[in-house]
Amino acid sequence: MKLIISFGLVFLISSSLFASEKLSGVRGWFISAPEALYLHGQGALFVDARDGIRVSTFSKSVPLGWQEISQKEFPNQGNLVQTSEAKEHLRKKGLDTNKIVLVFGDPTGGWGEEGRIVWSLRTLGFSKSFIVDGGINALQKASNSPVPNRPEILSKINVSVSENKNWSADSKLIQSELSDKKFAFIDTREEREFLGQTPYGESRGGHLPGAKWIYYKQFLDKDGYLLSESKIVSKLYELGISKDKTVISYCTGGVRSGWMTSVLVSLGYNAKNYAGSMWEWSSKGDQNHPLVTR
């Protein structure tokens, strides 16, 4: 009996500790689902970033694909369109820079589209844009419980100073800083891509010399929630990535790396997304745009 009771206590304590790791409130560019529902009730706009969604069925949300504000021609389709063009498109969707925008996706089944879109929005001056932690499943689950009253979150967001930081990297910056120890590079693709396979249309295979491989979903739990800050920072530290470095992430077309950049910025890293990523880099001459497979 004592053994059963002891086991039960250990289970409850460990479950409590695990639950406490989940985001509550706002952390950088991320917000928990219950607080997102509260903000939506105060006038915030939900954006559905899931791939292929043309008419979202969740709470009058606006569907927005990352491709809608990206260039169309290969190999530049990872790069954003001109700012004026992007803002006009977003205006027609009902977004403006004064509105709180809550972006959700499908973290376990998607490609990190919600992170790419929030990175894009922040880059374009939409400083009140957030990723809903846990995505659509978290929102649906939270919808079954009473919505919390969190006016302090609304006040905090509304009085925050607009950001004017640069979270973008281009091929010229990477060329000039590839061997600089003050920079770190993260390849957020699948391991097979890192090792040289080209399943998604890259012109050449491989990864940037010196880049560290972190498949972006390694920072999610099995339910699609962001891991605790301590776990993420520990993983980065193991790979020699510290907050005194500029961290540039890349993937195939800046989607998965956009999500990674959103995480890193939220945790206080000086992070940038190489939106052109391997579509762009691998299309250029290999002498000045090297790739390695080990």
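Quick note: residue numbers are just sequence positions, from 1.
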Report task. If a pair satisfies side-chain hydrogen bond (donor to acceptor under 3.5 Å, both in side chains) and one of its residues is in residues 192-201, list it, with sequence neighbours excluded. Result -> Glu190-Arg192, Glu190-Tyr200, Arg192-Tyr200, Glu193-Thr252, Glu193-Arg256
Query raised in the report: What about Val255 and Ile214, same hydrophobic cluster or not, with Ile/Leu/Val/Met/Phe/Trp/Tyr joined at side-chain heavy-atom distances under 4.5 Å?
Result: yes
Report summary line: When rounded to the nearest 0.5 Å, the distance separating OH of Tyr274 from CG of Leu173 is 10.5 Å
Query raised in the report: Linking I/L/V/M/F/W/Y whenever any side-chain heavy atoms sit under 4.5 Å apart, do Trp119 and Leu226 land together?
Result: yes
Requested in this report: Would you name the heavy atoms of Pro34 and Val147 that are closest together and state the gap between them?
Outcome: O-CG1, 4.3 Å
**Report entry** For Arg27 against Leu267, the heavy-atom pair lying closest together
**Finding:** CD-CD2, 3.7 Å
Report task. Can you run down the side-chain hydrogen bond (donor to acceptor under 3.5 Å, both in side chains) pairs that involve residues 72-84, sequence neighbours left out, and say none if there aren't any? Result -> Asn79-Glu280
Report task. Grab the two heavy atoms, one from Leu208 and one from Leu291, that are nearest each other, plus how far apart they are. Result -> N-CD2, 4.0 Å
Query raised in the report: Are the aromatic rings of Phe30 and Phe130 close, with centres under 6.0 Å apart?
Result: no
Requested in this report: Would you mind checking if Glu88 and Lys93 are paired as a salt bridge, meaning a charged N to carboxylate O distance below 4.0 Å?
Outcome: no
Query - N/O donor-acceptor pair under 3.5 Å between Thr188 side chain and Tyr250 backbone - result: yes
Report task. Mark yes or no for whether His40, through its side chain, and Ala36, through its backbone, hold a donor-acceptor pair below 3.5 Å. Result -> no
Query - Check against side-chain contact (heavy atoms from CB on, under 4.5 Å), Phe104 and Ser59 - result: CA-CA 12 Å; Phe104 66 89; Ser59 198; over 6 Å; no
Query - Side chain proximity check, Leu64 to Val103, heavy atoms < 4.5 angstrom - result: no
Query - Side chain Asp48, main chain Ser61, donor-acceptor under 3.5 Å - result: no
**Report entry** Nearest-0.5 Å distance that lies between atom CD in Glu35 and atom CG in Leu102
**Finding:** 11.0 Å
Query raised in the report: Is it true that Trp259 and Leu239 fall in one hydrophobic cluster, defined by side-chain heavy atoms closer than 4.5 Å?
Result: yes
Query - NZ/NE/NH1/NH2 to OD/OE distance under 4.0 Å, Glu152 and Arg150 - result: yes
Query raised in the report: Do Leu264 and Ile248 share a hydrophobic cluster (ILVMFWY, side-chain heavy atoms under 4.5 Å, transitive)?
Result: no
Query raised in the report: Going by an N to O cut-off under 4.0 Å, is there a salt bridge joining Asp170 and Lys172?
Result: no
**Report entry** Residue pair Pro209 / Pro290: nearest heavy atoms and the distance that separates them
**Finding:** CD-O, 3.6 Å
Query raised in the report: Under 3.5 Å, is there a donor-acceptor pair between the side chain of Lys217 and the main chain of Thr108?
Result: yes
Query raised in the report: Any sub-3.5 Å donor-acceptor pair from Ser262's side-chain atoms to Gly258's backbone N or O?
Result: yes
**Report entry** Between Trp167 and Trp29, ring centroids under 6.0 Å
**Finding:** yes
Query raised in the report: Distance-only, no hydrogens or angles: does the Lys128 side chain make a donor-acceptor pair with backbone N or O of Thr97 under 3.5 Å?
Result: no
Query raised in the report: Between the main-chain N or O of Ser282 and the side-chain N or O of Arg204, is there a donor-acceptor pair closer than 3.5 Å?
Result: yes
**Report entry** Chi angles and distances behind the side-chain contact (heavy atoms from CB on, under 4.5 Å) call for Asn166, Lys272
**Finding:** CA-CA 7 Å; Asn166 180 7; Lys272 298 179 184 293; 4.0 Å; yes
Report task. Please check if the side chain of Lys245 supplies one atom and the backbone of Gly240 the other of a donor-acceptor pair under 3.5 Å. Result -> yes
Report summary line: Sequence neighbours excluded, the answer for side chain to side chain donor-acceptor pair (under 3.5 Å) partners of Asp244 is Ser242
Query raised in the report: Taking all atoms of both residues into account, what is the closest heavy-atom pair of Val118 and Ser129, and its distance?
Result: CG1-O, 3.9 Å
Query raised in the report: Apart from Val292 itself, which Ile, Leu, Val, Met, Phe, Trp or Tyr residues share its cluster (side-chain heavy atoms under 4.5 Å, direct or through members)?
Result: none
Query raised in the report: Does a side-chain heavy-atom distance below 4.5 Å link Phe46 with Leu37?
Result: yes
Report task. Group every Ile, Leu, Val, Met, Phe, Trp and Tyr by side-chain heavy-atom contacts under 4.5 Å, then state whether Ile69 and Ile53 land in the same group. Result -> no
Requested in this report: Decide whether Ser257 and Arg116 meet the rule of one side-chain donor and one side-chain acceptor closer than 3.5 Å.
Outcome: no
Query - Whether Asp223 side chain and Tyr225 backbone form a donor-acceptor pair below 3.5 Å - result: no
Report task. Decide salt bridge (Lys or Arg N to Asp or Glu O under 4.0 Å) for Lys212 and Glu238; before the verdict, give the C-alpha distance in whole Å, the side-chain angles of both, and the deciding distance to 0.1 Å. Result -> CA-CA 11 Å; Lys212 305 298 183 181; Glu238 288 175 7; over 6 Å; no
Query raised in the report: What do the steps show when you test Asp133 against Ser32 for side chain to side chain donor-acceptor pair (under 3.5 Å), and what is the final call?
Result: CA-CA 5 Å; Asp133 188 32; Ser32 60; over 6 Å; no
Query - Value rounded to 0.5 Å, distance of CZ in Arg122 from CD1 in Ile131 - result: 9.0 Å
Query raised in the report: Does some side-chain heavy atom of Pro151 sit less than 4.5 Å from a side-chain heavy atom of Ile153?
Result: no
Query raised in the report: How many angstroms lie between atom CD1 of Ile31 and atom CD1 of Ile100, to the nearest 0.5 angstrom?
Result: 7.5 Å
Query raised in the report: How far does CZ of Phe126 sit from CG of Leu90, to the nearest 0.5 angstrom?
Result: 4.5 Å
Using distance only, find each side-chain donor-acceptor pair of residues 177-185 under 3.5 Å and give its atom names and separation, not counting sequence neighbours.
from, atom 1, to, atom 2, distance (Å)
Asp180, OD1, Lys182, N, 2.8

Report task. Using atom types as modelled and distance alone, determine if a side-chain donor or acceptor of Ser277 lies under 3.5 Å from a backbone N or O of Cys251. Result -> yes
Requested in this report: Measure centre to centre between the rings of Tyr215 and Phe194, then say whether the value is under 6.0 Å.
Outcome: no
Query raised in the report: Where do Thr293 and Gly196 come nearest, in terms of heavy atoms and distance?
Result: CG2-CA, 4.1 Å
Report task. Any pair with a residue in residues 136-147 that passes salt bridge (charged side-chain N to carboxylate O under 4.0 Å, His left out), sequence neighbours left out, goes on the list, sorted by first then second residue, please. Result -> none
Requested in this report: Kindly compute the distance separating CD1 (Ile241) from NZ (Lys243), expressed to the nearest 0.5 Å.
Outcome: 13.0 Å
